[in-house]
Amino acid sequence: MNKHQLYAAPEGGCVESHGAGLDPAGLELDLVSTRAFLDAVVESIPHMVFVKDVLDGRFVLLNRAGEQLLGLKREDLIGKTDFDLFSPDDAERFRTADREVVASQKLVTIENEPLSTPDGTRSLRTQKVGVPDAHGNPRYLLGISEDVTERLKVEERNRHLSLHDILTDLPNRRSFEAALNHELMNRNRFSLLVLDLDGFKVINDTMGHRAGDDLLRQLSSRLSEVKGEHDFLARLGGDEFGVIHRAATKKSSTQLASRLISALTKPFEVEERLVSVGASLGIVLSPDFGNTPDNLTKRADLALYAAKAAHRGSHVFFEPAMEEKADTEHYLREELAFALKRSQLHIVYQPIVDTRSGRIVCCEALLRWTHPQLGPICPDDFIPVAEASGQIAAIGKWVLETACKEARNWPSDIRLAVNVSPRQFTGFGLAVMLARILERTKLAPSRLELEITESIFLTDSDENVRLLNQIKHLGVRIALDDFGTGYSSLAYLRKFSFDKLKIDKSFVSDLATSDCNLAIVRAIIGLGKSFSAVVTAEGVETEAEHARLLEEGCEQCQGHLFGRPVEAKLIREMLGHSRDRRAC
Ligand code: C2E
Ligand code: MG
Ligand code: MG
């Protein structure tokens with residue numbers, strides 16, 4: 001056979017034809033040029049083209065792309081069968097397909113047909129069709145195979161990317177939702193766990209996003225290691241992960257939650273530093289407490305909020321009462337929108353005294369809300385609602401303005417303490433607002449004390465320290481409220497120098513009998529002295545507590561023993577409003 005010839009000379013059949021009455025020389029020329037033309041066409045087809053003899057299964061044609069794909073010269077292939085050339089399994093598969101094509105007399109397409117080649121297994125998209133002889137009987141089998149290996153890889157990669165998180169390679173929210181739907185459609189028993197990292201934002205903000213990414217990758221692989229074989233773990237976004245725990249019981253869900261939380265307790269090495277994060281988990285059992293993707297995710301989130309509020313590193317199961325609480329909060333939020341306008345808010349003032357002399361030195365403004373139907377609502381119930389809804393900005397401004405105006409009625413050596421929510425620390429608006437209020441109310445800035453809580457250092461702490469310094473520049477004092485109950489790091493004490501530390505009332509109660517509380521109170525008083533900050537004990541209720549605080553050198557006290565929060569009129573009387581109102 002000629003080297004450039006694509007196929008073996010057919011023995012009769014469709015390729016050759018002898019028309020009567022034609023000039024043999026001209027016919028010969030025509031045939032030669034037609035054949036050369038077809039050779040060139042077939043040779044140029046970028047996919048493997050092959051022809052087999054139907055009768056004996058021997059190859060009669062292979063083009064150049066076929067040679068390249070199979071890693072075979074056509075002279076080594078032509079005249080051979082699949083069984084001479086390929087593995088028995090492949091050959092058997094090809095032969096079965098060929099028979100089906102011939103029998104069907106139709107074009108057959110075989111998707112993703114595997115083929116072992118010297119370059120490894122390739123995937124082919126093969127189309128086969130029978131070629132009849134002059135009598136219409138199947139004579140040859142024509143096949144065209146496209147190598148789709150690379151295209152499939154790209155498709156597979158795109159599919160993977162669309163279902164996985166790029167950073168951690170865990171399934172993403174979309175896959176999670178699909179897995180959740182699958183469990184629900186099959187009416188399976190499972191639990192849905194939502195895990196949220198505690199303290200991740202601080203690391204991200206202080207060490208940079210690259211470090212944050214590295215941490216997320218490391219902790220994702222730890223979570224993958226401890227999840228059960230049949231559990232579906234996904235990154236839902238940011239620092240939130242979800243797990244579908246299949247065939248769940250409350251006990252097995254608790255065990256999984258504990259494994260997930262404790263997997264993160266060992267510090268991570270990020271950029272040659274050891275960093276720690278924790279995790280809180282909300283869990284909802286299905287079908288017991290939900291059977292739609294919506295109510296399950298909402299309920300797992302409610303349980304997560306409860307876990308976060310309980311204490312870091314805890315897990316909480318959803319209970320219907322949480323939904324009732326959420327409904328109440330929703331109601332409160334709507335009602336709170338009118339509270340200011342309808343004059344339902346007012347401020348009471350609680351004295352803070354000098355521990356030694358018992359003389360009032362300051363009064364703390366405490367907000368009250370009297371709802372027409374619900375009656376009095378305490379700030380611990382509505383302040384978080386106002387914070388979550390953003391209403392705290394307007395309310396906080398009103399409190400500052402009203403309290404500063406009121407303090408103008410007090411003797412000039414009495415300070416005013418006002419609580420400020422971390423949510424009011426957005427941008428530099430607070431400092432500007434304060435300056436305006438002080439100007440309008442003509443209250444001396446040194447008489448105003450803002451009480452903030454440690455949680456302010458959980459978010460954008462550098463920015464907040466700058467803001468605190470701006471406020472301090474106005475001459476306003478800054479007190480740290482509820483000291484010791486929030487953020488467990490004391491590093492922020494180096495970043496900002498507080499004028500006052502307020503010992504949380506939980507450490508003051510039982511002070512006379514609890515050695516533990518005494519040790520904490522003593523330590524805070526020591527810290528205050530070292531940082532030149534006044535220390536105030538909150539929630540002083542008994543003479544015994546007062547005596548102990550005096551002994552320990554705590555400078556100021558606040559609590560029912562010295563006076564409950566009272567209306568403005570009453571505090572004025574207590575302070576003796578006969579003193580000069582204008583002396584500020
Ligand atoms: P806080 O700033 O730590 O205020 C002290 C809380 O302890 C007040 O509760 C006060 O009534 C209570 N208290 C005072 N002495 C005693 C005592 O001897 N024993 C006991 N058991 N409690 C005592 P209140 O008024 O319910 O306020 C609770 C919290 O609500 C405040 O804690 C503060 O964080 C927040 N809050 C109150 N008013 C405002 C406000 O205008 N703005 C903001 N952002 N938060 C406020
Ligand atoms: Mg306070
Ligand atoms: Mg407090």
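One-based numbering, in listed order, for ligands and for the atoms of each.
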| query | At their closest point, which heavy atom of R333 faces which heavy atom of A388, and how far apart are they? | reply | NH2-CB, 4.2 Å
| request: Taking the six-membered ring of F176 (Phe, Tyr or Trp), confirm whether the NZ or CZ of R173 is under 6.0 Å from its centre and within 45° of its axis. | output: no
| query | Can you find an N/O atom of Q424 closer than 3.5 Å to an N/O atom of ligand 1? | reply | no
| said: Can you confirm, on distance only, whether ligand 1 has an N/O atom lying under 3.5 Å from any N/O atom belonging to L367? | reply: yes
| said: Quick check on Q558 - does any of its heavy atoms sit under 4.0 Å from an atom of ligand 1? | reply: no
| request: Take K505 and E541 through the test salt bridge (Lys or Arg N to Asp or Glu O under 4.0 Å) and record every step on the way to the result. | output: CA-CA 10 Å; K505 51 180 175 286; E541 292 181 348; over 6 Å; no
| query | Nearest protein heavy-atom contact for atom 21 (N) of ligand 1: which residue, which atom, what distance? | reply | E541 OE2, 3.2 Å
| message | If I apply the N/O under 3.5 Å rule, does E387 come out as touching ligand 1? | response | no
| task | Could you check which of E538, K505, Q350 puts a non-hydrogen atom nearest to atom 6 (C) of ligand 1? | result | K505
| message | Need the ligand 1 atom indices (1-based, order shown) with element for anything under 4.0 Å from a heavy-atom of V399. | response | 41 (O)
| If waters are left out, how many protein N/O/S atoms lie within less than 2.8 Å of the Mg ion (ligand 2)? | 4
| Of the backbone atoms (N, CA, C, O) and the side-chain heavy atoms from C-beta on, which set of K502 has a member under 4.0 Å from an atom of ligand 1: side chain, backbone, both, or neither? | neither
| message | Judged on heavy-atom distance to atom 26 (O) of ligand 1, which of A403, C378, P379 sits nearest? | response | P379
| said: Is it true that, when you exclude K298 itself, more than 12 heavy atoms of the residues, nucleotides or ligands shown sit nearer than 6.0 Å to its NZ? | reply: no
| field | For ligand 1, the portion of D482 having any non-hydrogen atom under 4.0 Å away | value | side chain
| query | Is the number of heavy atoms from other residues, nucleotides or ligands within 6.0 Å of NZ (K495) greater than 12? | reply | yes
| task | Report the residue from Q556, E364, E449 that forms a side chain to side chain donor-acceptor pair (under 3.5 Å) with K502. | result | E364
Listed pairs under 3.5 Å, donor-acceptor, residues 375-387 side chains, sequence neighbours left out:
{"from": "E387", "atom 1": "OE2", "to": "S421", "atom 2": "OG", "distance (Å)": "2.7"}

| request: Closest by any non-hydrogen atom to atom 33 (C) of ligand 1: pick that one out of T402, N419, V418, L400. | output: N419
